[in-house]
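A quick write-up on the structure given underneath.
Everything quoted here is computed from the prediction, not taken from an experiment.
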Amino acid sequence: DWAKRGIMRAGVVVHRYLMRICRDGVEKWGAPRLDGEKADIQKMLMQAGLNRAEAAKMAEVCLNGLKRALSHERGRWALGRHAEAREEFPVTGVINGKAVRAVIDRTFVDENNVRWVIDYKASEHRGGELDSFLAEEKARYEAQLETYGSILSALGEERHIKKGLYYPALSAWIEW
């Protein structure tokens, strides 16, 4: 039970750090700086309800995922500087007659004038069949990201919108 709570809390911490990395600039972050954040990460996890031992274990999970993101080409691209970039971007729109509120983890316009909507996933996957796992994850989250794209379109976004799921701990990327 604590492991499930732990990975959920770790996901929140990883999201916060990914936002900081985007805002500071990916070039200002690396393994040494992340290692210097270990105590703060543990403190955040304890404030979120984990005991000291759980927080220490989950801090390693967080650090490993963040380091993988910074060493992964697609991760560095997703976290890098782009036009009209926003992190933890709150949006509200009407979809099928219902008000929908959402927070987009990351959105930006790339060098090809494409709007990206990216959702970070802190999930870990143990064992084989990574491709099957990622296909299941796309099916699980596709409607969510399509909703984000619909809200942006309703708010006046006229560019082509592409969606992506990014798994820092897995160095995995899915796009459509």
Distance (rounded to the nearest 0.5 Å) between [X] [atom1] and [Y] [atom2]:
X: K43; Y: R52; atom1: NZ; atom2: CZ; value: 10.5 Å
X: S150; Y: N96; atom1: OG; atom2: CG; value: 8.5 Å
X: T107; Y: I118; atom1: OG1; atom2: CD1; value: 7.5 Å

Cluster question for you: counting only ILVMFWY and a side-chain heavy-atom cut-off of under 4.5 Å, with indirect links fine, are [X] and [Y] together?
X: V26; Y: V14; answer: yes
X: L165; Y: L79; answer: no
X: I7; Y: L18; answer: yes
X: L155; Y: V117; answer: yes
X: Y120; Y: L145; answer: no

Surrounding CG of D35 (heavy atoms of other residues, nucleotides or ligands, distance under 6.0 Å), is the total greater than 12?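 Correct, the count exceeds 12.
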CD (E111) with more than 12 external heavy atoms under 6.0 Å: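 Atom CD in E111 is packed in, count exceeds 12.
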Extract all donor-acceptor atom pairs below 3.5 Å that involve side chains of residues 87-95 and protein atoms in other chains or at least two apart in sequence.
residue	atom	partner	partner atom	Å
E87	OE1	R23	NE	3.1
E87	OE2	R106	NH1	2.4

Please enumerate all residues that pass salt bridge (Lys or Arg N to Asp or Glu O under 4.0 Å) together with [X], with sequence neighbours excluded.
X: R81; answer: E27
X: D105; answer: none
X: K38; answer: E60

Begin from the C-alpha positions of I104 and I151 and carry the test side chain to side chain contact (heavy atoms under 4.5 Å, CB included) through to its verdict. CA-CA 11 Å; I104 300 172; I151 292 171; over 6 Å; no
Answer yes or no: is there an ion pair linking E137 with R140, defined by an N-O contact shorter than 4.0 Å?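 Counted as a salt bridge, because a side-chain N and a carboxylate O are separated by less than 4.0 Å.
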Mind checking ring-ring contact (aromatic ring centres under 6.0 Å, His included) for Y148 and listing every partner two or more places apart, or none if nothing turns up?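 Not a single residue meets the ring-ring contact (aromatic ring centres under 6.0 Å, His included) criterion with Y148.
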Looking at residues at least two apart in the chain, or sitting in another chain, which of them share a ring-ring contact (aromatic ring centres under 6.0 Å, His included) with Y166?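 H72.
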Of all the heavy-atom pairs spanning [X] and [Y], show the shortest one and how long it is.
X: S153; Y: I161; value: OG-CD1, 3.5 Å
X: A122; Y: G11; value: CB-CA, 3.4 Å
X: A55; Y: L45; value: O-CD1, 3.5 Å
X: Q42; Y: A59; value: CG-CB, 3.4 Å

I'd like to check the side chain to side chain contact (heavy atoms under 4.5 Å, CB included) partners of R33; sequence neighbours left out, ordered by chain and number.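 Applying side chain to side chain contact (heavy atoms under 4.5 Å, CB included) to R33 gives R20, D24, K28, W29.
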Test of understanding: with side chain to side chain contact (heavy atoms under 4.5 Å, CB included), list the residues that count as partners of D110, not counting sequence neighbours.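 Partners of D110 by the side chain to side chain contact (heavy atoms under 4.5 Å, CB included) criterion, ordered by chain and then number, come out as W77, F108, N112, V114, W116.
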Given side chains that start at C-beta, do those of R9 and M58 come closer than 4.5 Å, heavy atoms only?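 The answer is no; the side chains never approach within 4.5 Å.
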Please tabulate, one pair per line, all N/O donor-acceptor pairs under 3.5 Å involving side-chain atoms of residues 169-176, not counting sequence neighbours.
residue	atom	partner	partner atom	Å
S171	OG	R68	NE	3.1
S171	OG	R68	NH2	3.4
W173	NE1	E175	OE1	2.7
E175	OE1	R74	NH2	2.6
E175	OE2	K162	NZ	3.2
W176	NE1	E146	OE2	2.7

Is a donor on one side and an acceptor on the other found under 3.5 Å between the side chain of Q144 and the backbone of Y141?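 Answer holds: no.
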Scan H160, K163, E84, E158 and name whichever one has a side chain to side chain contact (heavy atoms under 4.5 Å, CB included) with R115.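 The single option meeting the side chain to side chain contact (heavy atoms under 4.5 Å, CB included) with R115 is E84.
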Applying side chain to side chain donor-acceptor pair (under 3.5 Å), can you list everything that pairs with N113, at least two apart in sequence or on another chain?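 For N113, the residues satisfying side chain to side chain donor-acceptor pair (under 3.5 Å) (neighbours in sequence not counted) are R159.
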According to side chain to side chain donor-acceptor pair (under 3.5 Å), who are the partners of T147, at least two apart in sequence or on a separate chain?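 Partners of T147 under the side chain to side chain donor-acceptor pair (under 3.5 Å) test: none.
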Would H125 and Y167 count as a side chain to side chain contact (heavy atoms under 4.5 Å, CB included) if you check the C-alpha gap in whole Å, the side-chain angles of each, and the deciding distance to 0.1 Å? CA-CA 10 Å; H125 175 69; Y167 295 77; over 6 Å; no
Show me the side-chain donor-acceptor pairs of residues 127-134 shorter than 3.5 Å, one per line, residues at least two apart or across chains.
residue	atom	partner	partner atom	Å
E129	OE1	S132	OG	3.4

